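Here the structure is a predicted model, which means the values were calculated and not measured. Order of the sequence lines sets the chain letters (A, B, ...), proteins ahead of strands, with each chain counted from 1.
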2 protein chains.
Amino acid sequence: MGEATIRDVARKAQVSVASVSRALNGLDHVSEQTRAKVAAAARDLGYVPHAGARSLSLARTNAIGVLLPDVHGEFFSEIVRGMDVEANRRGYLLLLANMHAGSAQAKAALQAMRGRVDALVVMAPHLDRAAISRALPQASRAVLINAPANVRSHSNIRIDNHAGVRAVIKHLKAIGRSRMVYVGGPSHNLDAQERAAAFASASSADERILASGDFSVESGNAAVRGLIEAGERFDAVFAANDMMAIGAIQALRAAGLRMPEDVAVAGFDDVPLAEHLELTTVRVRIAELGARALSRLITMLENGAAEPVSELHSPELVIRRSTVPNA
Amino acid sequence: MGEATIRDVARKAQVSVASVSRALNGLDHVSEQTRAKVAAAARDLGYVPHAGARSLSLARTNAIGVLLPDVHGEFFSEIVRGMDVEANRRGYLLLLANMHAGSAQAKAALQAMRGRVDALVVMAPHLDRAAISRALPQASRAVLINAPANVRSHSNIRIDNHAGVRAVIKHLKAIGRSRMVYVGGPSHNLDAQERAAAFASASSADERILASGDFSVESGNAAVRGLIEAGERFDAVFAANDMMAIGAIQALRAAGLRMPEDVAVAGFDDVPLAEHLELTTVRVRIAELGARALSRLITMLENGAAEPVSELHSPELVIRRSTVPNA
DNA sequence: TTGTAAGCGTTATCAC
DNA sequence: GTGATAACGCTTACAA
């Protein structure tokens, strides 16, 4: 697109490119007259600075790369929304890449970001420590979200999955449930692993039935439907995320079971929909997590690098009608 | 970040930067020996090309800017997912910007993209023709999604809202409903306007009750709850999008009304959740819409500009249990 | 086949 | 206060 460059503006304003740059960037040592001439010329030409050239010169892009796993649904949109708000507030742009496949594709996506962004936020619940250090340059400015706890090379913002799971189990027992179905997430996902481990250690074999899904609504539905058809008896379902809990609710409703009287249901994440479906769940404050990651990253960028820090976010149990009839 | 540059590679491989460039980009006229030396040096140094510099030189970024309104929830994530898949497939990156506020902020976001992207996809159901031509440089490569039909300056991919609404009304009448509540969307939103107009023209005053919301679940809930409390009688609710339909369902359930026996409910969009909630709705194929926009844009980029085209996507009625008890 | 050097659109360091 | 000019990291004629 043959857009006007700084040289065109300089020519039109009859000054040097240096003056145009100074004037447009509001620097000192520019006479009012020059400033006015430049402003007029820029306006007339519809001049818009070329961000690419600018960042090459400044060694600074004002953009942040975001690498996400292939997440569908509300979790994804919420976390991006949180990041977007914070990025916007602090004058950054977001460069998005989803890594659908394995760590090879993750690496490719990462490389494509070189020279386009100042830093990265990487959410990779399916990559282990080795894969991360293979893909992420050691010294690179990056914040991880939900990476394994043993990753120390970069800042890492994590959710306290154990605490969340314990809170749910405690709640279910408090309302008198003694036979709980746990619907786990995909085994290669770190959060799923941690939640499953927490569930295993906070419940005893005789009070639990294990099932598994892949974090999708349909898998939650299938898991619970399967148990019902198999004639299993239970009075609670705890799904490793809200989407599967929604599926579980459908399966229960289809089977004519009342909730929470016959079966109480709890999820994990507190996606926006959970409130509307009156689902008891663990509030992760997803958008806030994204905003926090971005905020930490930008602060790091602007104040010079600090030591990598690990942040553990304690989630909060939100009790709704899917486990307790009132409120 | 003191990363290695092409010059470092050249020095290490004992060749010129030109040879490095040629070798790494797989061009002809490079001896096997040089190619090997360069590859080794690049590997040793962990060299990753600087995309910013590359695109300045090539006048080509391999990135596409995406401007979206501040949409929450599944519609947003679906459309981005569709774009991401297509972008990925064709080797492009996505630069994301939400325009929360008005057309001034939209313009700022657009300008920030200059020199970072090769083209834009702009979804601006709240901007009219004037605002669009003010913000978008005439000649700029861009595809619009759901811009007003009278915009001819750029390609425009639209949903046939009229057809969708007519299909729903026809269906509701076919199943014997004669008093329909229509919950409209925000008045500044183009889709909301078109859907409302279509509803108005396809129904008569005695068979409709008009209510309004803002496309959020809560607003759909509030609208229907309000009507029930006001003692209104109706046997169908048609919400201008699925989120509000979900809210409507909650309100009905809270009031002890059966669905679809007492009140049939229909939405618009067919977000992924609609299937799981068994909501009759108008299938927009959101992800496909995003993919289509991107595909058109990239083809345009790679084959040289073509005339702007308007594409009208005919949505499809999907009948589920919220209006028909079986299937 | 290889290297030299100009250029992409900026900013920043100098002189003046 | 202003203007040349050398970077920034890359690609690509054009020479050799």
For [X] and [N], give me the distance from atom [atom1] to atom [atom2], rounded to whole Å.
X	N	atom1	atom2	answer
B:R22	D:dT12	CZ	C1'	8 Å
B:E32	C:dT1	CD	C1'	12 Å
B:N25	D:dT12	CG	P	8 Å
A:R116	D:dC10	CZ	P	13 Å
A:L56	C:dA12	CG	C1'	14 Å
B:Q33	C:dT1	CD	P	13 Å
A:L27	D:dT2	CG	P	13 Å
A:I6	C:dC8	CD1	C1'	14 Å

Short side-chain N/O contact to D:dG9 OP1/OP2 from B:R54, under 4.0 Å: no

B:S19 vs C:dT1: side-chain N/O to OP1/OP2 distance below 4.0 Å: no

Given D:dG3, D:dG9, C:dA12, the nucleotide with the shortest approach to the side chain of B:H50: D:dG9

Residues B:R116, A:N62; criterion side-chain hydrogen bond (donor to acceptor under 3.5 Å, both in side chains); working and verdict: CA-CA 11 Å; B:R116 295 185 200 266; A:N62 273 287; over 6 Å; no

Pair B:R292 + B:E311: basic N to acidic O under 4.0 Å: yes

Residues B:R81, B:D84: salt bridge by 4.0 Å N-O rule: no

Polar side-chain contact B:S57-C:dG7 base: donor and acceptor under 3.5 Å: yes

